[in-house]
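Below is one structure; the comments refer to it alone.
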Amino acid sequence: MINYVDKIPNNVDLGRDRVLQRALEHWQPAFLNWWEDTGPTESRAYEVYLRTAISVEPDGWAQFGYVRMPEYRWGIFLQPRDEQRQVNFGVHKGEPAWQEVPGEHRSTLRRIIVTQGDTEPASVEQQKMLGLSCPSVYDLRNIFQVNVEEGRHLWAMVYLLHRYFGRDGREEAESLLARRSGDADNPRILGAFNEPTPDWLAFYMFTFFTDRDGKFQLCALAESGFDPLARTCRFMLTEEAHHMFVGETGVTRIIQRTCDVMKENHVEDAPDVRALGVIDLQTIQKYLNFHYSVTLDLYGSDVSSNAANYFTSGLKGRFEETKINDDHLLSDATYPVSEVVGGKIVMKHVPALTALNERLRDDYIREIESGVSRWQRVIDKAGIPFRLTLPHKGFHRAIGNFAGHFISPAGEVLTEEAWKRNQHDWLPSPQDYSYVQSLMSGRVVELGKFAHWIAPPQRGINNNPVNFEYVRFN
Ligand SMILES: [Fe+2]
Ligand SMILES: [Fe+2]
């Protein structure tokens, strides 16, 4: 029997909700087995300096202290309810926000929640082995923080399934623990979550690009007319910011280190840079191209009747829906999408309702662009003539209007043969991956020390010094 108040911090009155308790009695041990099986390898005895959410109050959502990860208190938190909240878009606009699942949208809503929920454990699985090659104790703590919080995000979605979807919800919650990232028979639902995360550059790229897709999806769901979903996602967003911080600063520190070494040694060519044991900027560009393009696919087809349906029925809004100044119905509006016609990329206007995936993707791209320009500043400051660029939206896409076409990073439509001839100039080759792997053959655990290929961070976590004992290995 679980002591709910102590073990599962929550603001959903779990102590008095018998139905939820019974569902969790099954699921919580299964979750721990999943963590044991797929969580960070060899980490069970470590005491890790982690933040835990114990309430939604400003002083409660980030409580820091040493925790053994299997004993992490995965909690259930929703942003407090606003009694006045309405459905803010679609045909139900102006109705009070729904506190129970509207019958006619039940299966759609369940699918949306399962698809979001499936990404959370997937990334933990993808990152399982990385602790063995961490560049510092500081970074090790950060990946563990991301991992336990993705675990909590799974809990958040499972809470909704258990509380609002009865038996089907319980079955879906079990399936969330059964699928495995990259598994041939039972993979995770979305493509990017089945890609391996083989090294720390890939990890930082993933948290910069793919966790940010998470942010935009959560923002769209935080607008939902189904109030418990909206409130759950709002609270998840508080945690997501740290994941993207880990990614952005991780890549910044790698670029910084490379630039420092290039300048000190007066080298510019990739082989010379590699000879000095740091990651050449060309390889960083290729990783960027890969993670950006597979993440763009996560937004789905450019033109989608599902997306239109989610919006019209009030289930999934646009990014910052309530700040947009329009009718929130999109009855007459249009939106530009690209397609490939006769070997050329052309723009066409389609009903905005059907282009909501593309719109969310564009919102995402804008935020990515400013992040990449911050990376560029590090290179510029070092006076190195190299430009990091985002590839064309159509590059290396498997979903939507560009799927099946061969687009170069510059946006030219190529033949398959021409594209393939150049692919290793654009995407990491097996040799690139093995070079990066070769730098990360062991882990750095001496306090305050960092691997040769990455600069230390500007500051530590929670006002602690950079050389703080973020992990006790025992
Ligand atoms: Fe998440
Ligand atoms: Fe995340």
Side-chain angles (χ1 to χ4, degrees), residues 31 34-35 38-40 48 50-53 56 61-62 69 72-79 112-128 130-131 139-161 173 176-177 179 181 188-195 197 200 202-222 224 228-251 291-292 294-295 298-299 316 319 360 364 367-368 371 461:
F31 170 83
W34 166 81
W35 180 270
T38 71
V48 188
L50 294 175
R51 69 176 185 192
T52 304
V56 293
W61 80 268
M69 285 187 285
Y72 190 77
R73 293 159 74 209
W74 285 283
I76 304 171
F77 292 103
L78 282 68
Q79 181 103 329
I112 290 173
I113 292 167
V114 166
T115 306
Q116 177 62 40
D118 192 68
T119 65
E120 314 289 357
S123 62
V124 177
E125 293 161 7
Q126 289 168 295
Q127 295 160 17
K128 178 179 174 63
L130 291 176
D139 289 281
L140 186 61
R141 177 260 166 219
N142 283 350
I143 195 171
F144 289 160
Q145 183 73 64
V146 171
N147 292 159
V148 292
E149 286 177 351
E150 299 307 0
R152 205 201 68 75
H153 290 177
L154 171 61
W155 275 74
M157 293 296 114
V158 164
Y159 160 72
L160 294 173
L161 292 169
L176 284 168
L177 296 175
R179 285 185 287 272
S181 176
R188 292 294 170 185
I189 296 170
L190 300 170
F193 292 91
N194 289 301
E195 297 286 349
T197 308
W200 280 77
F203 168 67
Y204 297 130
M205 289 288 179
F206 184 95
T207 40
F208 177 81
F209 285 103
T210 311
D211 280 70
R212 195 179 310 274
D213 159 70
K215 169 191 164 173
F216 278 81
Q217 300 298 340
L218 290 175
C219 282
L221 295 176
S224 181
L229 174 61
R231 292 163 51 211
T232 299
C233 291
R234 280 267 169 246
F235 188 73
M236 290 161 78
L237 282 163
T238 56
E239 293 160 325
E240 208 62 69
H242 178 66
H243 308 180
M244 293 180 294
F245 161 86
V246 169
E248 176 163 342
T249 55
V251 176
H291 288 272
Y292 178 62
V294 298
T295 304
L298 290 173
Y299 291 84
K316 183 178 178 184
F319 179 59
L360 194 60
Y364 166 83
E367 214 178 90
I368 288 292
I461 294 295

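Positions are given from 1 along the sequence. Whatever order the structure lists them in is the order used to number ligands and atoms, beginning at 1.
Listed for the E125 side chain is a donor-acceptor partner under 3.5 Å among the backbone atoms of S181.
Protein N/O/S atoms closer than 2.8 Å to the Fe ion (ligand 1), listed by chain and residue number, are E120 OE1, E150 OE1, H153 ND1.
Exactly one of E367, E240, E239 qualifies for a salt bridge (Lys or Arg N to Asp or Glu O under 4.0 Å) with K215. That residue is E367.
L50 has its side chain within reach of M69: a pair of non-hydrogen atoms, C-beta onward, lies under 4.5 Å apart.
A ring-centre distance under 6.0 Å is found for W200 and Y204. Checked against the 6.0 Å centroid criterion, the rings of W35 and Y72 do not qualify as a close aromatic pair.
Taking the ring centre of F208 as origin, the terminal cationic atom of R212 falls inside the region bounded by 6.0 Å and 45° from the ring axis.
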